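Reading through the structure tokens given below for one structure.
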Amino acid sequence: MADPKGFLTTGREVAKTRPVGERVKDWNEVYVPGSLLPIISKQAGRCMDCGIPFCHNGCPLGNLIPEWNDYAYREDWSAASERLHATNNFPEFTGRLCPAPCESACVLGINQPAVTIKNVEVSIIDKAWDSGDVTPQPPERLSGKTVAVIGSGPAGLAAAQQLTRAGHTVAVFERADRIGGLLRYGIPEFKMEKSHINRRIEQMRAEGTKFRTEVEIGKDIDAAKLRRRYDAVVIAAGATVSRDLPVPGRELNGVHFAMEYLPLANKVQEGDLTVSPITAEGKHVVVIGGGDTGADCVGTAHRQGAASVTQLEIMPQPGEERNANQPWPTFPMLYKVTSAHEEGGERLYSVSTTHFEGDEDGNVQSLHLIEVEFKDGKLEQKAGTERVIPAQLVTLAMGFTGTDQANGLVQQFGLELDERGNVARDEDYATNVDGVYVAGDAGRGQSLIVWAIAEGRSAARGVDRFLTGTSALHAPIRPTDRSLMV
């Protein structure tokens, strides 16, 4: 146990953010660089080394949290990094982007603020990179087997790295111009600077993984032909079909999916564009959808100089404390104030958009909404609550409905889908097509980054067993596993 009295003597402290007036003028990460290291060892010492560490169950990766908390408390950063990497290929991603279901399951969280597990995690990996402890791990020998991975998001990268280290020759195919999937072109720079992706890609290249960008399987290469060229295929193409809002005025200029808006802002930061073709500068912006993608749109609009930002959510505002029907250690639905929300804007709950209005040139100018409530399990509009708000840029951030079928990948492989429209798979992540596996959102549906990495690792084990008859790779979850929720 790190510090037997740590949870009694030390209060919870989290990473410090830069002043709002400073950070909205740039795209750097919102946290004060280096602010965690002076406090993180004591924060790690708050871990109680529970007899039954429920944080393991809260984390799909099964991270060895009490172990690396102990090492961090003792400032044995190399050992902490080794324990961290034992279950997680990319802790610098999860340490910045995961909503930390492990903290919701922390035993200390029953009656005190939980251990800052996420902050400890990111401190360990950042220290490991600075100290040179993160090095390529090429295989000792090659198997002679080849694997194609379709998609370079967290699931695809995790599967590719695991399979490369197992000795297989792996090629990752990505339809965008850079590797990273939604990590690259969905997550804004202020949440995770892309240098973190770049150095992981270089590590993977050094290990032997090959990358092929601007290649869309189904369009540029026939999926059936790809299967014949490789001994196995992993589909990690994500759930990229955005949920639409079929209301009058949807066709107006200025109404965009979030995933049309966010990637362009990232391309500006990559140096591909001087100014985004879809910008919030000087406009009244409305973000429809109250989740993390919506918050990303809010923060992006602030940095582009929006005149105002309003975020709409159809569900009621969550409370700040656990509901009785969401007991510990389940992941509760709580009212969250992200860094983007700290920067300004208005949040409206229990409202639904009825239609948009535009000007004579077809540009959106306003949004009509109405308050809603749940009655007998049904959503009903409240008469007399209609109102109009200005809207010159609208982003739809209402989630995703499944993997892309328009490019022909599903049809060309002959894949079966489940009742939710995801690619169906068995307990080894294998599809109905021999040698074709699926990992991440393409098989699970829209989910968290930590689930994607866990799925990539688990699918890699299934592929390794298919190719060699056995596998020593770590498989943290089954395809049917779900979050600790009620």
Side-chain angles (χ1 to χ4, degrees), residues 11-33 35-36 39 43 58 94-106 108-109 112-122 186-192 258 261-262 265 280 284-323 326 328 330-351 389 395 397-399 448-450 483 485:
R12 177 180 167 106
E13 284 189 78
V14 297
K16 292 182 173 61
T17 54
R18 296 186 291 133
V20 168
E22 172 190 320
R23 70 188 194 229
V24 295
K25 296 177 182 177
D26 62 44
W27 293 82
N28 300 330
E29 288 184 9
V30 300
Y31 296 104
V32 176
S35 64
L36 275 175
I39 66 169
Q43 289 301 304
T94 52
R96 287 173 167 82
L97 304 176
C98 181
C102 53
E103 294 187 18
S104 297
C106 174
L108 184 60
Q112 289 191 44
V115 175
T116 54
I117 299 171
K118 181 176 172 180
N119 280 183
V120 177
E121 177 182 23
V122 79
I187 301 298
E189 195 85 359
F190 59 83
K191 284 182 67 175
M192 187 180 75
Y261 174 60
L262 294 173
H284 296 289
V285 177
V286 177
V287 178
I288 302 179
D292 289 339
T293 303
D296 293 344
C297 292
V298 170
T300 298
H302 288 320
R303 283 158 181 77
Q304 290 178 339
S308 70
V309 183
T310 305
Q311 187 176 17
L312 310 183
E313 170 57 57
I314 198 169
M315 300 298 291
Q317 180 174 325
E320 296 184 3
E321 303 290 338
R322 285 181 182 270
N323 289 330
Q326 296 176 339
W328 174 90
T330 60
F331 188 67
M333 299 300 294
L334 300 176
Y335 179 72
K336 293 195 306 182
V337 180
T338 70
S339 64
H341 297 126
E342 292 173 351
E343 294 160 2
E346 185 179 8
R347 304 166 77 178
L348 303 179
Y349 289 88
S350 297
V351 294
I389 60 175
T395 60
M398 303 178 296
L448 305 176
I449 180 174
V450 68
S483 302
M485 299 182 71

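Every value quoted in this text rests on a predicted model; they were computed, and no experiment measured them. As a basis for the values below, the full set of heavy atoms in this structure was taken, side chains included, without hydrogen atoms, waters or symmetry mates.
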Determine whether a donor-acceptor pair (N or O, by modelled atom type, separation under 3.5 Å) exists between the side chain of [X] and the backbone of [Y].
X	Y	value
Glu313	Arg347	no
Asn119	Ala15	yes
Trp328	Gly109	no
Thr330	Pro332	no
Arg23	Thr17	no
Glu29	Tyr31	no

### Message
Can you list everything that forms a side chain to side chain contact (heavy atoms under 4.5 Å, CB included) with Ala306? Sequence neighbours excluded, please.
### Response
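Listed in chain order: Ala280, Val285, Ala301, Val309.
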
Distance check, rounded to the nearest 0.5 Å: [X] atom [atom1] versus [Y] atom [atom2]?
X	Y	atom1	atom2	value
Ser350	Leu312	OG	CG	11.5 Å
Lys118	Cys102	NZ	SG	9.0 Å
Lys191	Leu97	NZ	CG	6.0 Å
Ile314	Ile288	CD1	CD1	10.0 Å
Ile39	Thr116	CD1	OG1	7.0 Å
Ile449	Asp292	CD1	CG	11.0 Å

Looking only at heavy atoms, which two atoms of [X] and [Y] are closest? And how far apart?
X	Y	value
Ala295	Ala340	O-CB, 3.3 Å
Ala397	Val287	CB-CG1, 4.4 Å
Ala258	Thr293	CB-CG2, 3.7 Å
Arg322	Ser104	NH2-O, 2.6 Å
Tyr349	Pro318	CE2-CD, 3.8 Å
Leu448	Pro99	CD1-CG, 3.6 Å

### Message
One thing to verify: whether Arg96 and Glu121 come together as a salt bridge, which I'm taking to mean a side-chain N less than 4.0 angstrom from a carboxylate O.
### Response
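Answer for the salt bridge query: no.
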
### Query
Between Leu334 and Glu320, does a side-chain contact (heavy atoms from CB on, under 4.5 Å) hold up when you go through it step by step?
CA-CA 5 Å; Leu334 300 176; Glu320 296 184 3; over 6 Å; no

### CA sep, side-chain torsions, deciding dist, call: Val115, Gln43, side-chain contact (heavy atoms from CB on, under 4.5 Å)
CA-CA 7 Å; Val115 175; Gln43 289 301 304; over 6 Å; no

### side chain to side chain donor-acceptor pair (under 3.5 Å): pairs with one or both residues in residues 300-311, sequence neighbours excluded
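Non-adjacent pairs meeting side chain to side chain donor-acceptor pair (under 3.5 Å): Tyr261-Gln304, His284-Ser308, Arg303-Glu343, Gln311-His341.
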
### Task
Decide yes or no on side-chain contact (heavy atoms from CB on, under 4.5 Å) for Glu189 and Asn28, but give the supporting numbers first.
CA-CA 6 Å; Glu189 195 85 359; Asn28 300 330; 6.0 Å; no

### Query
Would you call Pro101 and Phe331 a side-chain contact if the rule is heavy atoms closer than 4.5 Å?
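Yes; the side chains approach each other to less than 4.5 Å.
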
### Query
What's the verdict on side-chain contact (heavy atoms from CB on, under 4.5 Å) for Val351 and Met315, showing C-alpha distance, side-chain angles and the deciding distance?
CA-CA 8 Å; Val351 294; Met315 300 298 291; over 6 Å; no

